[in-house]
Colleague: 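Could you have a look at this structure, given as structure tokens, before my questions?
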Number of protein chains: 2
Amino acid sequence: MTRRVTIADIAAAAGVSKGAVSYALNGRPGVSETTRTKILAIAAEMGFVPNRAARSLSVSSAQAVGIALRRSARTLGIEPYFMELISGIEATLSAGSFGLTLQIVDTVDVELEVYRRWWAERRVDGVLLCDVGTDDRRLDFVADLGLPAVAVGGPVEGARLPAVWHDDAEPCREILEYLHALGHRRVARVAGFEHLLHTAIRDRSYADTAAGLELEAMETFHSDYTGEQGARITRRILSSAKRPTAIIFDNDVMAVAGLGVAHELGIRVPDELSIVAWDDSPLCRLTHPALTSLTRDITAYGSQCAEVLLSVIGAAPSPIDERAFSVQFRPAQLSPRGSTGPARP
Amino acid sequence: MTRRVTIADIAAAAGVSKGAVSYALNGRPGVSETTRTKILAIAAEMGFVPNRAARSLSVSSAQAVGIALRRSARTLGIEPYFMELISGIEATLSAGSFGLTLQIVDTVDVELEVYRRWWAERRVDGVLLCDVGTDDRRLDFVADLGLPAVAVGGPVEGARLPAVWHDDAEPCREILEYLHALGHRRVARVAGFEHLLHTAIRDRSYADTAAGLELEAMETFHSDYTGEQGARITRRILSSAKRPTAIIFDNDVMAVAGLGVAHELGIRVPDELSIVAWDDSPLCRLTHPALTSLTRDITAYGSQCAEVLLSVIGAAPSPIDERAFSVQFRPAQLSPRGSTGPARP
DNA sequence: CTGAAAGCGCTTACAG
DNA sequence: CTGAAAGCGCTTACAG
């Protein structure tokens with residue numbers, strides 16, 4: 001283990017000043033081509049890697065982006081969504097040689113405190129806000145702080161920061177029209193947290209579409225995305241006198257749990273019950289029958305979010321138009337599989 | 001958004017030197033109690049938070065730990081294991097006000113390169129090595145680099161770095177004896193990557209135990225942990241002439257997929273087939289029947305790993321004995337559920 | 001095009 | 001107990 005090599009070492013070896021080394025390394029004017037080439041060769045040979053802290057201190061930028069996730073370990077673990085999202089985010093960040101700092105928090109208050117500290121410490125240059133709510137304190141908080149941020153979800157009305165989102169309303173219409181075409185007239189829905197923005201958007205879209213299609217019943221039950229609650233609610237739904245012929249679940253985990261409950265009650269899928277899942281993860285193809293689901297490229301979505309954040313921070317290769325405060329990502333696509341079929345009255 | 005407050009501001013306000021402020025803030029001798037109290041009050045009032053980069057540059061420590069995950073986004077997303085592990089790691093780190101830097105890599109070579117860069121940049125003070133292999137280049141690599149590291153898995157023979165691991169052999173015996181007691185004589189196993197250390201340990205333990213119990217058949221198939229492969233292999237196993245009456249899966253995802261295949265083939269679980277899963281995640285309780293599985297507290301395991309790493313780095317509250325190079329974590333417990341039952345010949 | 005110097009915001013020996 | 005100063009390893013105006 002040899003001592004770290006610094007620009008001072010390179011300067012000494014090349015017989016130039018530290019300033020010249022810095023200019024050469026960063027591809028800035030101020031050194032002749034021959035000097036630059038020579039310096040670069042020496043730096044490479046000595047295996048030079050700039051010290052982050054020193055660089056950060058000089059340019060007052062952390063070269064890192066933060067994410068605080070406010071979900072329990074159990075939810076985080078089982079929902080494929082987050083790891084896919086993080087994976088996409090990470091790909092973009094590391095391409096721009098930005099680091100990703102992750103913290104898991106319990107409450108909004110802790111989350112806000114984390115943002116305050118990160119920004120005060122300059123540990124991050126910006127943050128990504130996940131799980132955007134209908135009335136989200138975090139948006140104004142980070143804006144007031146001056147902390148660059150991007151909302152992973154939307155659209156956010158009157159937002160002071162950019163949002164990257166999918167149109168959730170359209171896929172909801174598509175699902176309901178599809179089920180209607182299959183003859184389903186009594187549909188139930190197991191939704192996610194009521195306070196989340198995309199839940200509210202879906203709530204409205206289903207209600208509007210159901211009204212237009214003149215469905216007999218379209219009932220929504222809110223839950224916490226866990227399999228436990230998904231199973232419990234499904235059990236209740238399927239035990240009712242006039243049970244629905246189709247259930248739509250707001251995530252894959254609850255849909256898998258719902259399918260388990262149908263098996264448990266001896267209700268055949270899709271003959272007696274059709275099931276649709278949001279968020280097509282490999283999970284949806286593990287079951288028998290495989291689950292009809294709404295496919296989104298969450299990894300690509302994560303990458304897009306990170307790109308917008310880098311552009312806000314001012315580190316993106318091609319800065320996105322400043323007025324592009326609301327970036328719409330391609331909507332989810334319905335992938336019909338074995339869990340949906342014609343309604344049998 | 002006000003300007004950041006620095007120790008210079010506090011020094012000016014308190015009428016002392018920057019050095020005195022630093023001593024006061026860090027609880028070190030060099031200032032009188034009255035001065036210290038006064039300085040702390042002013043710092044709190046001004047909302048002082050030390051700049052990370054400056055601190056890191058001075059003490060040459062990043063106050064951060066790194067994890068490079070070499071798994072595809074899809075595997076990472078669906079396996080609850082990683083998020084639970086990370087969640088546990090994170091809890092310990094943030095308690096010690098250490099950050100977590102995450103990077104997802106494609107190949108070992110990229111992974112090694114990430115470690116080299118992180119350490120050269122002093123972006124991290126140490127790393128956690130996941131997915132320890134039977135012949136793992138990374139162990140010597142980080143040791144040569146002088147980069148503090150802890151292996152998340154083991155035991156590692158002749159290791160130059162600490163390892164935190166569970167005894168995998170004992171639970172394997174327990175499963176097999178349990179199945180044997182239920183009357184199973186033909187057992188198959190869908191294992192994980194062959195090159196992983198814990199896979200090798202389980203391979204040996206199953207083989208030894210099977211020999212002792214004089215099972216009729218104990219066959220192992222290696223896979224990549226995905227549901228796709230789990231399903232494919234299960235299909236093949238269940239299509240053989242003398243199919244086994246029990247299958248053990250090395251992770252939860254493959255077990256769920258295997259259960260799906262059994263449904264697909266009209267094989268009743270547990271009447272005609274018993275299924276056991278390693279790694280009890282909520283996933284195992286979503287299915288019908290629920291899966292008998294090996295429960296480990298992965299979050300606690302992650303915390304333990306982080307603690308050992310912090311102690312290696314020298315930042316832990318109570319440093320772990322230096323000779324404690326191999327820390328054994330409590331072994332997995334068998335949780336019998338609906339997916340296992342007596343063998344019916 | 002190049003060099004010497006100041007500065008980023010901390011920590012830490014070293015004198016008084 | 002306290003202050004003035006040097007240093008961590010970079011970047012960046014500012015003179016030559």
Side-chain angles (χ1 to χ4, degrees), chain A residues 2-40 43 46-64 97 117-123 125 314-315, chain B residues 2-40 43 46-64 97 117-123 125 314-315:
Chain A
T2 54
R3 202 178 62 81
R4 273 188 48 79
V5 8
T6 70
I7 55 167
D9 302 322
I10 299 173
V16 298
S17 71
K18 293 194 303 175
V21 174
S22 177
Y23 289 137
L25 255 24
N26 294 311
R28 313 193 53 179
V31 284
S32 64
E33 262 325 301
T34 46
T35 316
R36 183 189 305 277
T37 314
K38 181 171 148 203
I39 291 175
L40 289 179
M46 299 178 86
F48 173 75
V49 181
N51 178 300
R52 282 276 165 177
R55 177 158 219 290
S56 292
L57 186 56
S58 285
V59 304
S60 61
S61 128
Q63 299 279 297
S97 80
R117 186 168 45 76
W118 274 351
W119 187 230
E121 290 182 332
R122 287 299 185 276
R123 191 182 255 285
D125 297 313
Chain B
T2 53
R3 202 178 62 80
R4 274 188 48 78
V5 11
T6 70
I7 54 167
D9 301 324
I10 300 173
V16 298
S17 71
K18 293 194 302 176
V21 175
S22 177
Y23 290 136
L25 254 23
N26 294 312
R28 311 194 54 179
V31 285
S32 64
E33 262 325 301
T34 46
T35 317
R36 185 189 303 278
T37 314
K38 181 172 150 204
I39 291 175
L40 289 179
M46 298 178 88
F48 173 75
V49 181
N51 178 300
R52 281 275 165 177
R55 177 159 219 291
S56 292
L57 186 57
S58 286
V59 303
S60 61
S61 129
Q63 299 281 297
S97 80
R117 185 167 46 74
W118 274 351
W119 188 231
E121 291 182 332
R122 288 297 186 277
R123 190 182 255 287
D125 298 313

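As a basis for the values below, the full set of heavy atoms in this structure was taken, side chains included, without hydrogen atoms, waters or symmetry mates.
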Colleague: Report yes or no: do A:T37 and A:T34 form a side-chain donor-acceptor pair below 3.5 Å?
Modeller: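 There is no such pair (donor and acceptor under 3.5 Å, judged by atom type) between the side chains of A:T37 and A:T34.
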
Colleague: Name the nucleic acid region contacted by B:S60, choosing base, sugar-phosphate or nothing; use a 4.0 angstrom heavy-atom cut-off, strictly under.
Modeller: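 No contact.
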
Colleague: Contact between A:Q63 and A:S97 at the side-chain level, heavy atoms closer than 4.5 Å - yes or no?
Modeller: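 Answer yes - side chains close enough.
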
Colleague: Could you state the CZ-P distance from B:R122 to D:dC8, rounded to the nearest angstrom?
Modeller: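 One finds 14 Å between P of D:dC8 and CZ of B:R122, rounded.
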
Colleague: Separation of B:L57 atom CG from D:dA6 atom P, in whole Å?
Modeller: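 Going from CG in B:L57 over to P in D:dA6 covers 17 Å.
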
Colleague: For the side chain of B:F48, starting at C-beta, report the closest nucleotide among C:dT2, D:dG3, C:dC10.
Modeller: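 The nucleotide sitting nearest to the side chain is C:dC10.
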
Colleague: Less than 4.0 angstrom between a side-chain N/O of A:T6 and OP1 or OP2 of D:dC8, yes or no?
Modeller: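 The answer is no; no side-chain N or O of A:T6 sits under 4.0 Å from OP1 or OP2.
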
Colleague: For DNA chain C, which ranges pair as stems of 3 or more consecutive Watson-Crick or G-U pairs, with both donor-acceptor distances under 3.5 Å?
Modeller: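 Stem list for DNA chain C: C:1-3 with D:14-16, C:5-12 with D:5-12, C:14-16 with D:1-3.
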
Colleague: Go through A:R36 and A:R28 one step at a time and tell me if the side-chain contact (heavy atoms from CB on, under 4.5 Å) criterion holds.
Modeller: CA-CA 10 Å; A:R36 183 189 305 277; A:R28 313 193 53 179; 5.7 Å; no

Colleague: Kindly indicate whether the side chain of B:N51, heavy atoms from C-beta on, has any atom under 4.5 Å from the side chain of B:T6.
Modeller: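 No; the side chains remain at least 4.5 Å from each other.
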
Colleague: Can you tell me the distance, in whole Å, between the CG atom of B:D9 and the C1' atom of C:dG9?
Modeller: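 Computing the B:D9:CG to C:dG9:C1' distance gives 10 Å.
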
Colleague: For nucleotides 11-16 of chain C, give me one character per nucleotide, 5' to 3': B if any protein heavy atom sits under 4.0 Å from the base, S if the only such contacts are to the sugar-phosphate, - if neither.
Modeller: BBB---

Colleague: Using a cut-off of less than 4.0 Å, is there contact between a side-chain N or O of B:S56 and OP1 or OP2 of C:dC10?
Modeller: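 Checking C:dC10 against B:S56, no side-chain N or O comes under 4.0 Å of OP1 or OP2.
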
Colleague: Starting from P on C:dC1, measure out to CD on A:E33 and report it in whole angstrom.
Modeller: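 Taking atom P of C:dC1 as the reference, CD of A:E33 is at 9 Å.
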
Colleague: Would B:R123 and B:W119 count as a cation-pi pair here, with the cationic atom under 6.0 angstrom from the ring centre and within 45° of the axis?
Modeller: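 No, cation not above the ring by the 6.0 Å, 45° rule.
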
Colleague: Do B:F48 and B:V21 have side chains that get closer than 4.5 Å, going by heavy atoms?
Modeller: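 The answer is no, as the side chains (C-beta and beyond) never meet within the 4.5 Å cut-off.
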
Colleague: Considering only heavy atoms from C-beta outward, does the side chain of B:R55 approach that of B:N26 to under 4.5 Å?
Modeller: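 Yes, at least one pair of side-chain atoms sits under 4.5 Å.
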
Colleague: Quick check: closest heavy atoms across A:S56 and A:S61, and the distance to 0.1 Å?
Modeller: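 What the structure gives for the nearest pair is OG-O, 2.9 Å.
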
Colleague: Taking all heavy atoms of A:M46 and all of A:V5, pick out the closest pair and write down the distance.
Modeller: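 Residues A:M46 and A:V5, closest heavy atoms: O-CG1, 3.2 Å.
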
Colleague: A:N51 CG to C:dG9 P: how many Å, rounded?
Modeller: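 Whole-Å distance recorded here is 17 Å.
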
